[in-house]
Colleague: 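Got a structure for you, questions after.
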Number of protein chains: 2
Amino acid sequence: MRSRIIIFDDNQERLNSVAMLLNLSAGFTCNGTFPNANNLVADISSSKPDLVLMDIDMPGLNGIDATKLVRKHFDALPVLIQTNFEEDERIFGSLRAGANGYILKKTSPERFLESLREVLDGGAPITGSIAAKVLKHFSAESQAKKDYHLTEREKHILGFLVKGYSYKLIASACGITYNTVNNHIRNIYDKLYVNSATEAVSLAIKERLV
Amino acid sequence: MRSRIIIFDDNQERLNSVAMLLNLSAGFTCNGTFPNANNLVADISSSKPDLVLMDIDMPGLNGIDATKLVRKHFDALPVLIQTNFEEDERIFGSLRAGANGYILKKTSPERFLESLREVLDGGAPITGSIAAKVLKHFSAESQAKKDYHLTEREKHILGFLVKGYSYKLIASACGITYNTVNNHIRNIYDKLYVNSATEAVSLAIKERLV
DNA sequence: ACGTGTATAGCAAGAATTTGCTATTGTGGT
DNA sequence: ACCACAATAGCAAATTCTTGCTATACACGT
């Protein structure tokens, strides 16, 4: 049983050549080629693909929004994003939209077919350079975090604040008095340069202090 | 010139076998094996590696914290994390700590050596299943967001709450009265099933309502 | 025409937070 | 010995938030 693939790409030439590649390859058939995603839901409904190959740059609905739409209407249908460029914003946009993989158009046909199989197999092919960007994104998050010199007790209490505990609840959770909680929270505010619980909570979550 | 590798792993057997594999492979030497990362800075300073292979489960300093320490003291020194399991939390912890790659211990020796080369080359090897988790994490962020049916006004005001504005400030920022702000916030609490500003702010940030 | 939902506005009581102070104890460093 | 700092605790005031009500006006769908 050959896997049914459909392609959205505004480049007609590429559309044809990829379709041909698929049809010539064992295990795949191309069951639809569309120059835009403006009728995406109808297109998918009629062609019943196992996998959608999506270009990012398309007139009308772009590949990222189209991917979101696929996720919305065809929850389990895998989408593999293809693009010419490695722009950070697009990569993360695509990943966030729920794409199952992200490969570059310059990828060799062998690697390309392998990626298709990987996606159909539940994997998530991403090229090395894109993986590097993703990892860098994660580590960048941790780099930026400043040190507010909170003590362990203060971090702990800040954690309770984030959970929405009242001073009274925090006191009993920590086994200390209301007044002591009050003091710890003042000190937290001083160190975080804020003067309300909501600001402290915002900062705590955004800077991953908890 | 062979690349210098050091290994941190509390499993002595594995430590030996990986060291042997490295020394037998063209292009690599193992220049240090350590059963824990408790003297990490000194160990690295003396062995001057080109790459650090890091186990996650170690007594004392764990692999994630050890990786953070490497990042802190040896900024450009690549770290490749190895682990038995594919636990989500650890993956993200490692990536966040600034690891350059994340591979499973069950990876074949060929793939393993390839990964080392990839890291030394500035790439970011991650196994397919891990990549899938990363991608799922990204898409989960957008998927998981439930709809709390907040109106535009409510979202807007929730945004001010997150910024730490008082009711009074929100009122003047929106050009409405204190009482109206009060009412909107009640409605927000009702819809979010919370009963304090801190809880609302936590939820808003975590669920990306703002 | 009638209900539903949104935005607006008010009053008021009670609870909670914020801030200004002071003060003791223990720990660790110089 | 002394100093800095963390954790503890207290009192009190001023402020802010939360919740209980009610109420008007507009838009939208049936």
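Reminder, nothing fancy here: chain letters follow the sequence lines and each chain counts from 1. Small disclaimer: the values here were computed from a predicted structure and weren't measured.
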Colleague: Determine, for A/R4 against A/D50, whether the closest basic-nitrogen to carboxylate-oxygen distance falls under 4.0 angstrom.
Modeller: no
Colleague: Just the rounded figure in Å: distance from C1' of D/dA25 to CD1 of B/I176.
Modeller: 16 Å
Colleague: Is A/T177 touching bases, backbone alone, or none of the nucleic acid, heavy atoms closer than 4.0 Å?
Modeller: sugar-phosphate
Colleague: Mark yes or no for a side-chain to base donor-acceptor pair under 3.5 Å between B/R186 and D/dT19, with no hydrogen or angle criteria applied.
Modeller: yes
Colleague: Starting at the 5' end of DNA chain D, which residue's closest nucleotide do you reach first, B/S196 or B/N183?
Modeller: B/S196
Colleague: Whole Å only: how far is the NZ atom of A/K191 from the P atom of D/dA4?
Modeller: 16 Å
Colleague: Just checking B/N195: base, sugar-phosphate only, or nothing, at a heavy-atom cut-off of under 4.0 Å?
Modeller: sugar-phosphate
Colleague: Check the distance between D/dA9's C1' and A/N179's CG and give it to me in whole angstrom.
Modeller: 6 Å
Colleague: May I ask you to evaluate whether A/T151 reaches the phosphate of D/dA7, defined as a side-chain N or O under 4.0 Å from OP1 or OP2?
Modeller: yes
Colleague: Can you confirm whether the side chains of A/E199 and A/S196 place a donor and an acceptor under 3.5 Å from each other?
Modeller: yes
Colleague: Round to the nearest Å and state the distance from B/Y178 atom OH to C/dA12 atom C1'.
Modeller: 11 Å
Colleague: Do the non-hydrogen side-chain atoms of B/V52 and B/L80 ever get within less than 4.5 Å of each other?
Modeller: no
Colleague: Compute whether any side-chain donor of one residue and acceptor of the other, for A/T177 and A/N179, lie under 3.5 angstrom apart.
Modeller: no
Colleague: Closest-nucleotide mapping onto DNA chain C: is B/H149 or B/T180 further toward the 5' terminus? I mean the 5' end.
Modeller: B/H149
Colleague: Looking across every strand, which nucleic acid part, if any, lies under 4.0 Å from A/S166 by heavy atom: base, sugar-phosphate, or nothing?
Modeller: sugar-phosphate
Colleague: Please work out if A/Y189 contacts a base, only the sugar-phosphate, or nothing of the nucleic acid, heavy-atom cut-off 4.0 Å.
Modeller: sugar-phosphate
Colleague: Measure the distance from CG on A/N182 to P on D/dG10 and round it to the nearest whole Å.
Modeller: 12 Å
Colleague: When the distance from CG of B/L150 to P of C/dT6 is rounded to whole Å, what number comes out?
Modeller: 10 Å
Colleague: When the distance from CD1 of B/I185 to P of C/dA7 is rounded to whole Å, what number comes out?
Modeller: 14 Å
Colleague: Salt bridge or not between B/R90 and B/D57? Use side-chain N to carboxylate O under 4.0 Å.
Modeller: yes
Colleague: Using whole Å, what does the distance between atom P of nucleotide D/dT16 and atom OH of A/Y167 come to?
Modeller: 14 Å
